[in-house]
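In the text below, chain A, chain B and the rest are named by the order of the sequence lines, each starting its count at 1. For clarity, every value in this text was computed on a predicted model and none was experimentally measured.
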Amino acid sequence: MRRLFYLTKAVSGKIDSGWFRVGVPLSEARSTFLMVISFLLPLLLWCFAAYAPFLWKVDYRINLTAVAEDKELFAATYVAGDTMEAGRFRKFQKSIREDNNRLEKSGTSGISETKSPRVARAANKKLLRDFEPVLVKNGLFDQRLKQRLGTKDYYQQLYSTAYETWGKLSRGDLKLKPGSLTRENLEIIGRNYKLMAEISSYYDSNNLFSKPIYKLIPEGTKQVGRPSYLPAPHEVVEKGWENFSGSSELGNLELWRKYGESLRIVFFGFFMACVFGVPIALMAGTFPFFSRLVEPFADFFRYMPAPAFSTVLIAVFGLAESPKIALVVIGTLPHLILMVANTTRMVDSSLIDAGQTLGAKGGNLIRKVVIPAVLPNLYNDLRILLGWAWTWLVIAELIGMKSGLTEIIDTQGRRFHFDHVYPVIFLIGITGFVTDQMLAGFREILFPWTSGGKVGVVAKVFILPGRIAKWLVSGRIEPGGKKELVS
Amino acid sequence: MAHAMLGWVLRFLEFIIREAVNPGSIKENMKKTSRIIAGLMAVCFSGMATAEPLKVGYSDWPGWVAWEIAIKKGWFKEAGVEVEFVWMDYLASMEAYGAGKLDAVCMTNGDALVTGATAKPSVAILINDYSNGNDMLVAGKDIADVKALKGKKVALEEGFVPHLLTLKALESNGMKESDIEIVNTPTSETPQVLKTGDVAAICAWQPNSGAALKEVPGSKAIFSSKDAPGLIYDCLAVTPESLESKKADWVKIATVWYKIVDYLKDEGNQEEALEILAARVKVKPDEYEPFLEGTYILTLEEAGKVWEKADGLESIYGSTKVSDGFNVKYKVYEKPLDIDTYLDPSITMGLMAE
């Protein structure tokens, strides 16, 4: 009927160019194009939300930080890279200026020894450390030194470079790039260096000025004040790159090792669920006896949320990976049993009849008739169920001792470091997507008679290597593309 | 239990694969298959089958994060003791201890009582530090002081150390628990809760309280453990059984702790220490620096003084007595506990005598 409808439409010449045809597949080029768009749209939306300046207020991104004495207002420690609302940033600057004024007054009245020498030294070192972004910006210091030097030597190097630079700046021997330091701060550095140089003209950790010196006034650059849960795409890419290459600002996050942990939990949990579930489901799908014995309970069990068992699982399996794997198993197993049993029931009954006529029964019938008949659909079911296993991963990794990628998502999320969180979430998404497409590709090779050559673009990538692998194993190449071979 | 289940799993697996791979030749394939499976299981459950080292649960309190220094520097191995430190959320670590999955856990003297009354008793053998400001009551923009909390919601972990501190804050302002409404929240999630604006204040320790202060504009600490020094001591609490059977190992662990203390007290190690500690809780080293001040790490001599029996908060006995009183008064548990069984100064005393 529909064919006829389109035929008439085609004759009238309106149909060929249509994108919105009901029930008719799009051409390959068009479906590929739409696939790309389906990824681009959310990305564009994200870019718009993150970069559109009129959506958000103006913030300052701190380049040069300081510690305010006023703990009432500025209780948290701000480091370079943090952002602050414009009004608050100006208050922050004001607060530091007041601290400096207080120091100046107490200095002239001779009571500058309010802090213990050790505390003062630590504060002075912090001042030198905080100068690092200015040094880096002017090419005077290389942060990559950290990988070569040990932590101690690295900081030693940093302190002496900062100290030396302060000296040069106070003597006027060095000109910094415009915009990297205000005149006000340059003056403060001059005063500080004068104080410090009385003790030593170079950095000496054993002989550092042990009284408070003046703080540098915080500096920042204006930027779009996005909420912390909406980092810009370029920030996410940057942080993702740093984290995955092991040079994160938060220490080594060991992302790849954690990725391995996560993969192990998903795949092993899924594997165990298959090992237990598939035989049970095959029996249940073949014999009504087993069906009634197993399925009602599986149906009941799947409504009990798997995470509800987490404390029980810890009590039984301990703290390492086993309770997490068990959670994935009990989350996946009931669905697997029901789905696969149902698939098995759909096996063409004439095949079973024929098998029985030829004398097959019991285990033989299952092995020779049911399993081969159900295999392509079983493969598909398992592919979908692997997706289920992934959904349990995050919860599984949170129970007991936090592990895997979830540990990063959880910890960083709680610190509001969402620019570190998103790359990890994307990694999980990409892994799931690629595995799924890979399996879809392999399906085309393993069961070429089932799909009729309709697979996604990504899946196609895996078809050729899959064919070669199969050829290596079995010594022959299956003809690709559309098949009408098996009736 | 786990091992028995593993055995069953293994046998079942073996059966399935044997049947599937080659139904005809079970015997020939048996050895091969079981070897493959055993290898697979060994990979997946690695660590489960080997001899169990001592397991210690530790969490994000700065005094306990300090163990990380010995872990990273391999000092336990040097001291000749097999110990595995398991990084967990504070509450989860106490639960795991209660479930018998840990030989020791890092907890406060007050929480050791709560865990003891509700799940499993323990013996504190080591006092790491006392809280000197890192435990805080952080209030949102419109709350000026503790008194302003009257009739408002406060998010905190019920029955544990933030609860104790909040009660202390209320008492010292002439208020009662019923003056506020407590919203039971895991400490690590309190910053998010404060940010939503659904509660007037939260009670948490660093780095959680710091995250709240930074992320919630206008928030401030209206009461902290600095206002009640000695109320909260942070300890290493061991199961009585393990202490009895493996005392020598615990002495070694205590020795390593005082090596950590010496390391931390040395000014020259400051930067390296900050890197190690900050990396554990995933903040930047400079953000971690103030935490060291808010947690007063006790030297061996100072710890010795705290172990002396006295009634005031400067003694762990007095402090624990106060916690016990609070817990009974506010029905965290029913009857006062025998505090002396929860505290064992002998290891610290032994180290001092050396």
Side-chain angles (χ1 to χ4, degrees), chain A residues 65 67 71-73 75-82 85 88 118-119 121-122 125-126 129-130 150-152 154-155 205 228 249-253 264 268 272 275-276 278-279 311 314-322 325 363 367 399-402 407-408 410-417 420, chain B residues 1-2 5-6 9 12-13 16-17 19 23 43-45 47-48 55 57 86-89 92 95-96 99-102 136 138 188-189 191-192 195 207-208 210-215 217 219-221 267-272 275-276 278-290 293:
Chain A
T65 188
V67 182
K71 287 290 170 233
E72 183 97 331
L73 260 179
T77 315
Y78 294 93
V79 295
D82 282 348
E85 198 191 300
R88 190 169 162 75
R118 178 172 174 172
V119 171
R121 272 199 301 276
K125 279 189 194 171
K126 170 96 169 49
R129 274 209 303 278
D130 286 340
T151 309
K152 279 187 185 175
Y154 171 79
Y155 281 104
S205 59
S228 56
E249 54 185 350
L250 301 169
N252 189 2
L253 295 175
R264 209 156 66 198
F268 194 62
M272 295 290 272
V275 164
F276 285 110
V278 171
T311 39
I314 290 175
V316 176
F317 291 103
L319 290 171
E321 282 184 345
S322 354
I325 292 168
R367 219 159 38 229
I399 67 172
M401 174 184 151
K402 273 184 249 167
E407 192 201 330
I408 302 175
D410 194 60
T411 321
Q412 299 305 325
R414 286 168 180 186
R415 307 267 182 276
F416 299 93
H417 295 158
H420 292 274
Chain B
M1 184 69 188
M5 292 203 50
L6 204 80
V9 169
F12 189 74
L13 255 172
I16 299 291
I17 294 192
E19 274 296 289
V43 170
C44 298
F45 283 88
M48 263 185 71
K55 273 201 172 136
V86 188
W87 177 253
M88 300 174 89
D89 269 356
E95 279 172 359
K101 295 293 164 191
L102 295 170
M136 315 175 183
V138 179
S188 46
E189 279 160 28
Q192 274 87 338
K195 197 173 184 188
N208 307 296
L213 287 170
K214 195 173 231 180
E215 201 55 35
S219 63
K220 59 203 156 305
E267 206 175 322
N269 294 327
Q270 169 107 350
E271 292 83 11
E272 194 185 40
E275 290 261 309
I276 295 173
R280 176 68 269 187
V281 293
K282 306 285 188 308
V283 301
K284 290 166 198 163
D286 280 339
E287 285 178 289
Y288 201 94
E289 200 180 359
E293 200 188 326

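Contact count versus chain A (heavy atoms, under 4.5 Å) is highest, among B:E287, B:K284, B:E267, for B:E267. Interface remark: of the candidates B:M88, B:E189, B:K101, B:K101 forms the most heavy-atom pairs closer than 4.5 Å to chain A. Taking B:S219, B:S188, B:A211 one by one and counting their heavy-atom pairs under 4.5 Å with chain A, the maximum is reached by B:S188. Each of A:H420, A:K402, A:H417 has some count of heavy-atom pairs under 4.5 Å with chain B, and the biggest count is that of A:K402. When each of A:R88, A:R129, A:E407 is scored by its heavy-atom pairs under 4.5 Å with chain B, the top score falls to A:R129. In terms of non-hydrogen atom pairs under 4.5 Å with chain A, the most contact-rich of B:E289, B:E293, B:E95, B:Q270 is B:E289.
With a 4.5 Å cut-off on non-hydrogen atoms, A:Y78 touches chain B through its backbone and its side chain both. Neither the backbone nor the side chain of B:A278 comes within less than 4.5 Å of any heavy atom in chain A. At a 4.5 Å heavy-atom cutoff, the contact between A:A122 and chain B is made by backbone and side-chain atoms alike. Residue B:I276 does not touch chain A at all, counting heavy-atom pairs closer than 4.5 Å. At a 4.5 Å heavy-atom cutoff, the contact between B:P191 and chain A is made by backbone and side-chain atoms alike. With a 4.5 Å cut-off on non-hydrogen atoms, A:T151 touches chain B through its side chain but not through its backbone.
Between A:A80 and A:T65, the closest heavy-atom pair is N-CG2, 4.1 Å. A pairwise comparison of heavy atoms in A:S228 and B:E215 identifies OG-OE2, 3.1 Å as the closest pair. Between B:E275 and B:P285, the shortest heavy-atom contact is OE2-CG, 3.7 Å. When every heavy atom of B:V281 is checked against every heavy atom of A:R415, the shortest pair comes out as O-NE, 3.2 Å.
A heavy-atom distance below 4.5 Å is not found between the side chains of A:V67 and B:D286.
Between the side chain of B:K220 and the backbone N or O of A:L73 there is no donor-acceptor pair closer than 3.5 Å.
Rounding to the nearest 0.5 Å gives a distance of 11.0 Å between CG of B:L213 and CG of B:N208.
One finds no salt bridge joining A:K152 and B:E271 here, because no Lys/Arg side-chain nitrogen approaches an Asp/Glu carboxylate oxygen to under 4.0 Å.
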